[in-house]
Amino acid sequence: MRALRACRSRKGGGGKGKKAQKRQREPRFAFMTKSDIEHLDDGYRWRKYGQKPVKDSPFPRSYYRCTTASCGVKKRVERSSADPTIVVTTYEGQHNHSSPAGHQPRRQAPPR
DNA sequence: CGCGTTTGACCAGCGC
DNA sequence: GCGCTGGTCAAACGCG
């Protein structure tokens, strides 16, 4: 709780700076992974940029973003309300860069 | 030293 | 017309 944020110099554009992404033509791929860890390294680096509680779910939802340059892929991780051991990972966008060296992603073709 | 993580607050659109 | 929700950003701190 960093209360008293030294004067939020935010430009004022809270969230919807642009028109609501009316056209999210980018298909969203949702994957259900049975794992108690939400930080499964799928071969890419992710940076958490937000977290909000989800109704219908006693667990909060985490928002992740690819930190790789030229890669604006977003990923949201949410826990199943029925099976806390199930993690629902939704990928938004596609990676247009090779996986980070040293990190050999599991050649697991997504079910799409 | 750099990176990643965490929290609060803000804005716009929609529903009734 | 008003209220509410969802989604995103920024800053600061800690650790290796």
Side-chain angles (χ1 to χ4, degrees):
Chain A
M1 256 169 234
R2 275 135 199 121
L4 241 78
R5 191 155 298 217
C7 265
R8 274 183 267 83
S9 325
R10 206 163 324 149
K11 287 154 215 152
K16 274 115 186 172
K18 279 178 177 104
K19 304 208 171 55
Q21 49 253 55
K22 239 187 263 199
R23 267 161 231 239
Q24 198 124 30
R25 51 182 83 240
E26 278 189 74
R28 289 184 287 210
F29 300 98
F31 301 96
M32 240 186 206
T33 308
K34 162 99 159 50
S35 186
D36 40 8
I37 304 167
E38 67 274 335
H39 233 175
L40 281 166
D41 196 339
D42 48 3
Y44 298 99
R45 203 61 159 239
W46 301 94
R47 171 182 115 6
K48 189 192 275 189
Y49 71 89
Q51 185 171 316
K52 285 265 282 215
V54 182
K55 265 135 51 179
D56 298 346
S57 276
F59 309 104
R61 180 181 287 169
S62 306
Y63 295 87
Y64 290 90
R65 219 176 194 178
C66 190
T67 71
T68 306
S70 299
C71 191
V73 178
K74 290 192 247 175
K75 170 170 95 169
R76 45 188 88 177
V77 177
E78 184 190 347
R79 280 211 206 251
S80 200
S81 56
D83 293 306
T85 57
I86 300 277
V87 180
V88 180
T89 307
T90 305
Y91 286 89
E92 207 175 283
Q94 284 256 234
H95 294 283
N96 45 260
H97 65 92
S98 309
S99 4
H103 276 276
Q104 196 83 37
R106 252 192 217 189
R107 204 91 173 94
Q108 214 151 353
R112 185 137 67 143

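Here is how names work: the chains are called A, B, and so on, in the same order as the sequence lines, proteins then strands, and each is numbered from 1.
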Among A:Y44, A:F31, A:Y64, side-chain contact (heavy atoms from CB on, under 4.5 Å) partner for A:Y91: A:F31
Reported CZ-to-NZ distance for the pair A:R47 and A:K75, which is rounded to 0.5 angstrom: 14.0 Å
Stem regions touching DNA chain C, defined by at least 3 consecutive Watson-Crick or wobble G-U pairs below 3.5 angstrom: B:1-16 with C:1-16
Length of the line joining A:Q51:CD and C:dT8:P, which is rounded to integer Å: 14 Å
Candidate nucleotides B:dT6, C:dG7, C:dC9, ranked by approach to the side chain of A:R61 - the nearest: C:dG7
Closest non-hydrogen atom pair, A:F59 against A:P84: CZ-CB, 3.9 Å
With A:V73 via side-chain contact (heavy atoms from CB on, under 4.5 Å) - residues at least two apart: A:W46, A:C66, A:C71, A:H95
Integer-rounded Å distance: B:dG4 P and A:K48 NZ: 14 Å
Residue pairs passing the salt bridge (charged side-chain N to carboxylate O under 4.0 Å, His left out) test where at least one lies in residues 80-89 of chain A, sequence neighbours excluded: none
Selected nucleotide, minimal atom distance to A:Y49 side chain, candidates C:dG7, B:dT5, C:dT8: C:dT8
Salt bridge (Lys or Arg N to Asp or Glu O under 4.0 Å) partners for A:R61, two or more places apart: A:E78
Under the ring pair (Phe, Tyr, Trp, His ring centres under 6.0 Å) test, residues paired with A:Y49 that sit two or more places apart: A:Y63
Between B:dC3 (C1') and A:Y44 (OH): distance, integer Å: 21 Å
For atom CZ of A:R47 and atom C1' of C:dA11, their distance in whole Å: 11 Å
Interatomic distance, A:K52 NZ vs C:dT8 C1' [rounded to whole Å]: 9 Å
Presence of A:K74 side-chain N/O under 4.0 Å of C:dT8 phosphate oxygens OP1/OP2: yes
Rounded interatomic separation in angstrom, taking CZ from A:R76 and C1' from C:dT8: 12 Å
Selection from B:dT5, C:dT8, C:dT5 that lies nearest to any side-chain heavy atom of A:Y63: C:dT8
Phosphate OP1/OP2 of C:dC9 contacted by A:R65 side-chain N/O (<4.0 Å): yes
